[in-house]
Amino acid sequence: MSQHILTAVAWPYANGPRHIGHVSGFGVPSDVFSRYQRMAGNKVLMVSGTDEHGTPIQVQADKEGVTARELADRYNRVIAEDLTALGLSYDLFTRTTTENHFAIAQEIFKGLHKNGYVFPRTTMGAISPSTGRTLPDRYVEGTCPICGYDGARGDQCDNCGNQLDPIDLINPRSKINGETPKFVETEHFMLDLPAFSEALGTYLQGKQGEWRPNVLKFSLNMLQDLQPRAISRDLDWGVPIPLDGWRDRTDKRLYVWFDAVVGYLSASIEWAKRSGDPEAWRQWWQNPDARGYYFMGKDNIVFHAEIWPAMLMGYNGQGSRDGTPGSLGALDLPSEVVSSEFLTMEGRKFSSSRQVVIYVRDFLSRYDADALRYYISVAGPETQDTDFTWSEFVNRNNGELVAAWGNLVNRSISMASKNFGVIPEAGDLTDADRAMLARSRAAFAPVGAELARSRFKNAATEALDVVREANKYLAEQEPWKLKGDPERQKSILHVALQVVDDAKTLLTPFLPGSSNKIHAMLGGTGVWSGMPEIREVGEDSGRQYPVITGDYDDAARWEHTPLRAGIPLAPPTPLFPKLDPKVVDEELARLAEVSAES
RNA sequence: GGGGCGGUAGCUCAGCUGGUCAGAGCAACGGACUCAUAAUCCGUCAGCCGUGGGUUCAAGUCCCACCCGCCCUACCA
């Protein structure tokens, strides 16, 4: 049965290029999942974009001497190019600075306001005297009033661990420019989270046994202490507040996180408009049979398991104050929040500022996208933090991609091509032949089941087991010794090629690039698994910007497909380059070098 | 301070609701083979399942305490 699947991928923040830790959290898992779902016959809508508002972008822009918009334009493009190069099959990867996004974010705000879940409140907040902008807690530091530690951040003291209020800091100063922040009364809109505690509790309880336990525990625990939360900021870079008296103010904007999570909805609507059927998005958002899967790193759980559901409930009129849905109609809540843990880098935390980092772009300039996709799938931070090491990367690449999988493809096609020039016909099959064929066909169900529940490590491991079995089968059948018995030789090679074809299908979600090559090698025509591309699009204002999109209505199906004998085979070229173990030292040296520079 | 996660063979990790759960891959060592990117296949080696208690007929698996490491704590995925 075909289902509508929304793959909602966390929005990368456009204040710099993204590193491999980022894409291991949201990028590769969401794409493996989406590719599988499409192959299984479901209607996938995979959306995301760059998150471009908020103080950090403004701060970074000031530092570089450009406007926030210029900075966002630049990194939007860099990020879009990187994600495209990784083969992430977004139906639409857009941005938060579009007219459409502004309108939808404002619509959600208005719906919440109409139902009484948003209210104004005057609070004391730190602002920067020189710019008048909100100085977020994390940009204020000073002496801890509890332990006297000098480097305490506004929200917490790293020394004694106590939660702080920036106004209590002794000698507070701005981390941005060192000036003394001013604490002033400022009026902000608050989202009434306590009004959703009951509804959220019911919602989350219903996910018991379905979500990864760490995500659920974390979310349920947070319900204990829900407070109203400010959803506006003193800033001129962002989405204006859509209420009379506020709309035209240049000093108040929606809080970046408020507008960013609305992106899933606004991007779906933008996709529908661009696809020619402006109402098409409703099939993923207002459909009891549709499922919404949200992919992100664990630091985003609170926004996706708490705040975004609360916003949707409020918009729908489903909190303690009830209400009626806004003009878009009632919207579906996330079915599942799939959160990854963190990737560390040779034992240390990724940090752009400390240069403990490998940018996606740099990685892909030296290694294959499929090699990175494979590593993340099989050794990534799926259920616990994991450490990326270059030696592990080289080992996995050489041992599993090159020696096991690439070699199976290469030896099978090479032998068949050399001896027969075509995919040979199978004659009488032996028990061993039948067992081998049954083995690879039987893998579709369990590997698919693991993929459907986002257990990528298990799925990749089980797919690779088929590859190992096939290498074993060839070792036992020894077709290279059967020069005098071409009929038997044909049967063995037919079986081997058929298993290669099955394994190619099983590995397509992880390795779309190399699976496409195998598809062509075995005489397949057309596109096997579609790849994303960047297109320039425009909006009413005339502004042009790049989006990632693609045609994924391709040939790949999650099933065994019988090979047709007689199709010509060319001598194969290696699928994956083998890496010289020396690259481990080179990369470590590179890392040390950049670290030393800063 | 509050919360979460992890500590299982040299390394990276599987082990869901307690009873073939003591496993896989890599590494190491020995052997076979040569179709293939010196790839593949077979075999061997290995672990007081962090520590100490407890529950149970039975505990890596549940409970308590402790030790170590990591993470989140709401503007770094």
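In what follows, every heavy atom counts, from backbone to side chain, and hydrogens, waters and symmetry copies are set aside. The chains referred to below are lettered A, B, ... by the order of the sequence lines, with proteins before strands, and numbering in each begins at 1.
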J.: Distance between the C1' atoms of B:G19 and B:A27, in whole angstroms?
T.: 34 Å
J.: Would you measure the distance from the C1' atom in B:C71 across to the matching atom in B:A14 and give it in whole Å?
T.: 22 Å
J.: Between B:G60 and B:G7, how far apart are the two P atoms, rounded to whole Å?
T.: 15 Å
J.: Using a 4.0 Å heavy-atom cut-off across all strands, classify A:F26 as base, sugar-phosphate, or nothing.
T.: sugar-phosphate
J.: Within the 4.0 Å heavy-atom criterion, would you say A:G54 contacts the bases, only the backbone, or no part of the nucleic acid?
T.: nothing
J.: Would you mind reading off the distance between A:L464 atom CG and B:A24 atom P, rounded to a whole angstrom?
T.: 16 Å
J.: Which whole-number value in Å describes the distance from A:F393 CZ to B:C11 P?
T.: 23 Å
J.: Rounded to whole angstrom units, what separation is found between the CG atom of A:L482 and the P atom of B:C35?
T.: 12 Å
J.: If I pick the P atom on B:U20 and the same atom on B:A65, what distance separates them, to the nearest angstrom?
T.: 28 Å
J.: Which base, if any, makes a Watson-Crick or G-U wobble pair with B:C26, both distances under 3.5 Å?
T.: B:G10
J.: Only one of A:F510, A:F363, A:Y367, A:F388 forms a ring-ring contact (aromatic ring centres under 6.0 Å, His included) with A:Y375, so which one is it?
T.: A:F388
J.: Given the side-chain rings of A:H53 and A:F258, with only the six-membered ring counted for Trp, is the space between their centroids under 6.0 Å?
T.: no
J.: Mind checking if A:P12 touches a base, just sugar-phosphate, or nothing, with heavy atoms under 4.0 Å?
T.: nothing
J.: Look at the side chain of A:N407 against the base of B:A36 and say whether a donor-acceptor pair falls under 3.5 Å; ignore hydrogens and angles.
T.: yes
J.: Taking for each residue the nucleotide of RNA chain B with the nearest heavy atom, is it A:P56 or A:A379 whose nucleotide lies nearer the 5' end?
T.: A:A379
J.: Determine the contact category for A:P479: base if any of its heavy atoms lies under 4.0 Å from a base atom, sugar-phosphate if only primed atoms, P, OP1 or OP2 are that close, otherwise nothing.
T.: nothing
J.: My understanding is that a pair needs two contacts under 3.5 Å, Watson-Crick or G-U wobble. By that rule, which nucleotide pairs with B:C45?
T.: none
J.: With both distances kept under 3.5 Å, what pairs with B:G1, Watson-Crick or G-U wobble?
T.: B:U73
J.: Pick base, sugar-phosphate or nothing for A:V402, based on heavy-atom distances below 4.0 Å to the nucleic acid.
T.: base
J.: Would you kindly give the CG-to-C1' distance between A:N398 and B:A36, to the nearest whole Å?
T.: 15 Å
J.: Can you check whether A:Y117 and A:F196 have ring centres sitting under 6.0 Å from each other?
T.: yes
J.: P atom, B:G52 versus B:C16: distance in rounded Å?
T.: 23 Å
J.: Just compare B:U12, B:U37, B:C71 and give me whichever is closest to any side-chain atom of A:P574.
T.: B:U37
J.: Would you indicate what A:S414 reaches in the nucleic acid, counting non-hydrogen atoms under 4.0 angstrom: base, sugar-phosphate, or nothing?
T.: sugar-phosphate
J.: If I pick the C1' atom on B:C64 and the same atom on B:C72, what distance separates them, to the nearest angstrom?
T.: 25 Å
J.: Base, sugar-phosphate alone, or nothing: which one does A:L575 contact when heavy atoms must sit under 4.0 Å apart?
T.: base
J.: Between B:C13, B:U40, B:C33, which one does the side chain of A:K457 approach most closely?
T.: B:C13
J.: Take atom C1' in B:C70 and the same atom in B:C33, then report the distance between them in whole Å.
T.: 46 Å
J.: For atom P, what is the distance between B:G54 and B:U61, given to the nearest Å?
T.: 14 Å
J.: Once you round it to whole Å, what is the distance between C1' of B:U34 and CE of A:M415?
T.: 10 Å
J.: For residues A:F303 and A:W308, establish whether the separation of their ring centroids is below 6.0 Å.
T.: no
J.: If you round to the nearest 0.5 Å, how far is OG1 of A:T94 from CG of A:N76?
T.: 8.0 Å
J.: Anti or syn, where syn is a glycosidic angle within 90° of 0; which label fits B:G60?
T.: syn
J.: Map A:G25 and A:G406 onto RNA chain B by nearest heavy atom, then report which one ends up closer to the 5' terminus.
T.: A:G406
J.: Could you give the distance from CD (A:E306) to CG (A:L220), rounded to the nearest 0.5 Å?
T.: 8.0 Å
J.: If B:U61 has a Watson-Crick or G-U wobble mate with both distances under 3.5 Å, name it; if not, just say none.
T.: none
J.: Give A:T389 one of three labels, base, sugar-phosphate or nothing, depending on what nucleic acid heavy atoms sit under 4.0 Å from its own.
T.: nothing
J.: Contact class for A:Q227 (heavy atom, under 4.0 Å): base, sugar-phosphate, or nothing?
T.: nothing
J.: Between C1' on B:C72 and NE2 on A:H304, what's the gap in Å once rounded to a whole number?
T.: 16 Å
J.: Select one nucleotide: of B:C41, B:C26, B:A36, the one nearest the side-chain heavy atoms of A:N410.
T.: B:A36
J.: Looking across every strand, which nucleic acid part, if any, lies under 4.0 Å from A:K578 by heavy atom: base, sugar-phosphate, or nothing?
T.: base
J.: How many whole angstroms separate atom CG of A:N471 from atom C1' of B:A32?
T.: 15 Å
J.: Any Lys/Arg nitrogen of A:R361 or A:E81 sitting under 4.0 Å from an Asp/Glu carboxylate oxygen of the other?
T.: yes
J.: At 4.0 Å (heavy atoms only), tell me whether A:F303 reaches a base, stays on the sugar-phosphate, or touches nothing.
T.: sugar-phosphate
J.: If you check every side-chain atom of A:K418, which of B:C41, B:U12, B:C35 has the closest atom?
T.: B:C35
J.: If you check every side-chain atom of A:F342, which of B:U34, B:U40, B:C71 has the closest atom?
T.: B:C71
J.: Nearest to the side chain of A:R468, heavy atoms from C-beta on, is which of B:C42, B:C71, B:G25?
T.: B:G25
J.: Report which part of the nucleic acid A:R455 touches: base, sugar-phosphate, or nothing (heavy-atom distance under 4.0 Å, all strands).
T.: sugar-phosphate
J.: Applying a 3.5 Å limit to both distances, which nucleotide forms a Watson-Crick or G-U wobble pair with B:A38?
T.: none
J.: If we check side chain to side chain contact (heavy atoms under 4.5 Å, CB included) with A:T55, which of these qualifies: A:V256, A:N15, A:D234, A:L235?
T.: A:L235
J.: Mind checking the CG-OG spacing from A:L191 to A:S232? Nearest 0.5 Å is all I need.
T.: 11.0 Å
